[in-house]
Amino acid sequence: MNKKLENSLLFIWLTSLVATLGSLYFSEIRSYEPCELCWYQRILMYPILLMTTVAYIQKNARIAVTTAVFSCIGGAISLYHYGIQKLDFLSESAPACGRVPCTGQYINMFGFITIPFLAGVAFILIAITSFYMIKVMKGEKQ
């Protein structure tokens with residue numbers, strides 16, 4: 001594995017680590033109970049951390065295909081979740097998410113930064129880096 005791929009894999013690992021620790025901070029330290037959509041985003045983020053940990057140790061850049069899939073699905077969920085928090089026409093038709101409403105905003109920094117926004121940024125960074133890695137690996141095969 002070349003240095004570009006190794007650094008990219010390390011970046012994905014670091015991004016997923018920060019996102020995982022951030023979600024645990026909000027739920028375990030700040031005692032913010034996650035809604036159903038938050039749980040789906042966690043279900044997609046936490047394995048990225050585990051997969052990239054193993055892939056980095058094994059020097060396996062092919063994990064980029066898997067991280068691209070996980071991050072695109074997670075990013076779509078984050079985008080929808082952010083939309084039902086911020087867009088009136090979506091929030092009115094938002095599904096009931098159990099004990100905690102998905103439209104609730106535990107944080108709202110600068111009027112737009114919410115927890116789904118933060119998760120979405122992490123998923124986007126991981127997706128872009130994953131697609132970059134796939135492109136670099138294709139270039140090496142030619």
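In this text the structure is predicted, and so the values were computed from the model without any measurement.
Side-chain atoms of Ile107 and Arg30, non-hydrogen and from C-beta on, never get closer than 4.5 Å to each other. With a 4.5 Å cut-off on side-chain heavy atoms, Met51 and Ser16 do not count as touching. The shortest side-chain heavy-atom distance between Phe123 and Ile48 falls under the 4.5 Å cut-off. You'll find the side chain of Leu37 stays beyond 4.5 Å of the side chain of Pro116, heavy atoms only. Within the 4.5 Å cutoff, side-chain heavy atoms of Phe131 are placed close to those of Ile134. At a threshold of 4.5 Å between non-hydrogen side-chain atoms, the residues Ile63 and Ile12 do not count as touching.
Take Ser27 and apply the side chain to side chain donor-acceptor pair (under 3.5 Å) test, not counting sequence neighbours, and it matches Arg42. Judged as a side chain to side chain donor-acceptor pair (under 3.5 Å), and not counting sequence neighbours, the contacts of Ser78 are Gln41. Taking the side chain to side chain donor-acceptor pair (under 3.5 Å) definition, one finds that Tyr40 meets it with Glu36, sequence neighbours left out.
Met1 and Trp13 fall within a single hydrophobic cluster, where Ile, Leu, Val, Met, Phe, Trp and Tyr are joined by side-chain heavy atoms under 4.5 Å apart, directly or via other members. The same ILVMFWY cluster, assembled from side-chain heavy atoms under 4.5 Å apart, contains both Leu14 and Phe70. Follow the hydrophobic side-chain contacts under 4.5 Å out from Val54 and you never reach Val65; the two are in separate clusters. Residues Val18 and Val121 are members of separate hydrophobic clusters, defined by side-chain heavy-atom contacts under 4.5 angstrom among Ile, Leu, Val, Met, Phe, Trp and Tyr. Leu10 and Ile124 fall into different hydrophobic clusters, where Ile, Leu, Val, Met, Phe, Trp and Tyr side chains are chained together by heavy-atom contacts under 4.5 Å.
Contacts classified as side chain to side chain donor-acceptor pair (under 3.5 Å) and involving residues 59-69 (residues at least two apart or in different chains) are given here: Glu6-Lys59, Asn60-Arg62, Thr67-Ser130. Pairs engaging residues 97-125 under the salt bridge (Lys or Arg N to Asp or Glu O under 4.0 Å) rule: Glu33-Arg99 [sequence neighbours left out]. Listed by first and then second residue, the side chain to side chain donor-acceptor pair (under 3.5 Å) pairs that reach into residues 101-119 are Gln85-Thr114, Lys86-Gln105, Lys86-Asn108, Gln105-Asn108, sequence neighbours excluded.
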Verdict with reasoning, Leu50 to Tyr46, per side-chain contact (heavy atoms from CB on, under 4.5 Å): CA-CA 7 Å; Leu50 296 174; Tyr46 291 7; 5.8 Å; no

Stepwise, does the side-chain contact (heavy atoms from CB on, under 4.5 Å) test hold for Tyr132 with Ile128? CA-CA 6 Å; Tyr132 168 76; Ile128 289 169; 5.5 Å; no

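Across Ser8 and Thr129, no two heavy atoms sit closer than the pair O-CG2, 3.5 Å. Considering every non-hydrogen atom in both Ile126 and Ser71, the closest pair reads CG2-CB, 3.7 Å. Shortest non-hydrogen contact noted between His81 and Cys35 is CE1-SG, 3.3 Å. Contact between Leu49 and Thr53 at its shortest, heavy atoms only, is O-OG1, 2.7 Å. The minimum heavy-atom distance between Leu9 and Met133, with the atom names listed, is N-SD, 3.9 Å.
Looking at Tyr82, its side chain never comes within 3.5 Å of a backbone N or O of Ala119 through a donor-acceptor pair.
Atom SG in Cys38 sits 10.0 Å away from atom CZ in Phe26 (nearest 0.5 Å).
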